[in-house]
Number of protein chains: 2
Amino acid sequence: MEVDEWHAPRVLLTVDLVILTLRGSRLHVLLVRRGIEPYQGEMALPGGFLRDAEEGIAEAAHRELAEEAGLDAASLHLERSGVYDDPGRDPRDRVISVAYLAIAPRLPEPVAGTDAAGACWTPVDDVLTGHVKLAFDHRQIVEDGVERARAKLECSSLATAFCGETFTISDLQQVYEAVWGIRLDPRNFYRKVQQVQDFIIAAGPLRKTEHGRPARLFRAGPGRALHPSMLRPAAPVTEEGDDDER
Amino acid sequence: MEVDEWHAPRVLLTVDLVILTLRGSRLHVLLVRRGIEPYQGEMALPGGFLRDAEEGIAEAAHRELAEEAGLDAASLHLERSGVYDDPGRDPRDRVISVAYLAIAPRLPEPVAGTDAAGACWTPVDDVLTGHVKLAFDHRQIVEDGVERARAKLECSSLATAFCGETFTISDLQQVYEAVWGIRLDPRNFYRKVQQVQDFIIAAGPLRKTEHGRPARLFRAGPGRALHPSMLRPAAPVTEEGDDDER
DNA sequence: TTAATAGTGTCTCTCAGACACTATTTT
DNA sequence: AAAATAGTGTCTGAGAGACACTATTAA
């Protein structure tokens with residue numbers, strides 16, 4: 001041991017939010033334009049420093065969610081997603097960032113009551129491909145957050161957090177398709193999702209659709225973990241690994 | 001935004017290590033007796049403060065692994081496991097802890113070349129049940145680390161990190177049984193583990209056993225992700241959820 | 001009617017688990 | 001021989017995906 005904590009370095013702590021939602025049939029992330037240096041004028045994730053030494057990190061995440069995105073933290077799914085600590089990630093100082101993943105249902109406007117000017121929903125594909133550049137290591141933070149969301153769709157009821165109070169099975173399928181970035185068979189999805197215990201429960205009336213037969217409405221059920229789980233299709237097995245077996 | 005970073009609070013950063021290994025057929029975690037306040041004389045996870053502001057957290061984890069446990073970090077599986085930031089978790093100051101999970105193969109002595117006096121392997125069950133008390137929130141850190149190890153056995157080749165250079169299929173089964181805390185059928189395990197691509201590869205000779213037929217030896221294969229995965233048996237389905245259907 | 005979406009039934013394949021059975025060693 | 005562990009074969013049941021089929025709406 002022999003650690004002398006009086007000489008241990010102190011670091012700054014920020015919270016960054018990866019707020020995901022569906023717009024159209026694509027997954028979007030909320031970005032803000034930075035008003036201060038460094039990276040002034042560039043796009044970045046909403047977030048900021050801890051307010052004071054007594055504020056918990058989760059507490060700060062809730063505060064930033066309300067301040068910067070105008071979203072009611074109580075109604076949103078919010079969970080820690082990752083920690084970013086590369087000593088050179090912020091040119092000013094040693095800054096550690098704790099990322100939080102938030103899932104929002106479809107919202108009519110980019111953001112209502114936003115504190116930061118220039119907040120906007122951006123397709124995650126544009127961020128992941130590098131078409132839209134982000135400040136700091138925020139592209140990596142988005143990538144990790146999206147991957148976490150993808151994984152959690154398999155074994156948790158996270159998908160319902162993308163939907164409103166009630167939704168059809170088709171709505172839910174769109175969530176899975178947008179987040180996973182693949183197409184699913186509607187008939188198999190329909191059967192599968194209803195076999196999961198406590199995932200969705202029937203909620204009264206039908207919803208008229210633009211075309212076709214009206215669909216039943218459902219609400220999120222009490223289950224948090226899915227049994228059986230909604231596994232992603234396995235990546236197609238390529239034969240490239242068998243080269244040395246010829 | 002409008003965050004004035006000059007007034008943002010700074011925090012201390014520690015790294016804590018959850019080093020797991022198998023001893024006998026039980027899962028053990030490495031603990032040290034604290035030499036300084038707070039919690040002086042009590043058991044805790046090895047770890048410590050960042051050395052300086054330029055040291056990365058992963059770097060610090062490797063350093064502590066060598067200093068406190070005498071283990072060669074290069075040969076061990078080491079990954080970030082969690083972050084602990086409750087403002088009251090350290091009575092002295094605001095201290096954030098980043099936990100790392102390390103997996104060690106069976107070692108002959110409690111620890112060789114250990115810097116900290118009183119380091120010892122302790123059965124994780126004794127920690128999780130509260131039979132052995134730990135300083136700070138270290139019991140929670142152990143619990144989270146063990147759960148992460150349990151989950152990673154399913155989809156990664158982590159289990160081989162508990163074994164030496166070569167091992168039998170029976171050895172590998174003992175890893176799964178000890179970490180998951182359940183018994184597995186040897187015949188099914190044998191078949192299943194060999195169907196996983198690039199998980200284990202045959203390594204020459206047989207190993208004599210105390211009783212019974214000698215077993216083939218294997219080495220860890222190149223695969224990191226397991227296909228198909230080694231899923232834990234599902235928790236038995238209880239009927240308590242069906243009460244409202246009578 | 002057609003187009004479109006909702007919802008059902010059924011087949012096949014793969015994998016998990018149960019377990020009978022054979023093989024090879026020590027005592 | 002018995003005991004013990006290694007390793008194989010086979011059956012059953014559950015779930016995933018393919019896909020034919022029916023149901024109900026708008027245009």
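Protein chains get the first letters and strands the later ones, always in sequence-line order, with residue 1 at the start of each.
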Is a side-chain N or O of [X] found less than 3.5 angstrom from the main chain of [Y], in a donor-acceptor match?
X	Y	answer
B/His131	B/Val127	no
A/Asp198	A/Gly221	no
B/Ser229	B/Leu231	no

- Note on the structure: Closest to the 5' end of DNA chain C, once A/Ile169 and B/Gln195 are matched to their nearest nucleotides, is A/Ile169
- Message: Could you tell me the boundaries of the chain A footprint on DNA chain C, defined by atoms under 4.0 Å from its heavy atoms?
- Response: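 First-to-last contact on DNA chain C, by the 4.0 Å heavy-atom rule, is C/dA4 to C/dT10.
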Rounded off to whole Å, could you give me the [atom1]-to-[atom2] distance for the [X] and [N] pair?
X	N	atom1	atom2	answer
A/Arg191	D/dA18	CZ	C1'	10 Å
A/Gln194	D/dA16	CD	C1'	17 Å
B/Arg213	D/dT5	CZ	C1'	9 Å
A/Phe189	D/dG15	CZ	P	17 Å

- Step by step, work out the salt bridge (charged side-chain N to carboxylate O under 4.0 Å, His left out) result for B/Asp185 and B/Lys192. CA-CA 11 Å; B/Asp185 183 297; B/Lys192 193 166 169 178; over 6 Å; no
What is the nucleic acid contact for [X], judged by heavy atoms within less than 4.0 Å: base, sugar-phosphate only, or nothing?
X	answer
A/Arg187	base
B/Arg216	sugar-phosphate
A/Ser170	sugar-phosphate

- Any chance the rings of A/Phe218 and A/Phe167 have centres within less than 6.0 Å?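 Distance test on ring centres: not under 6.0 Å, no.
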- Using the closest heavy atom to pick a nucleotide of DNA chain D for each, name whichever of A/Leu231 or B/Gly212 lands nearer the 5' end.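 Of the two residues, B/Gly212 wins.
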- Item | B/Arg232/B/Glu154 salt bridge by N-O under 4.0 Å criterion | yes
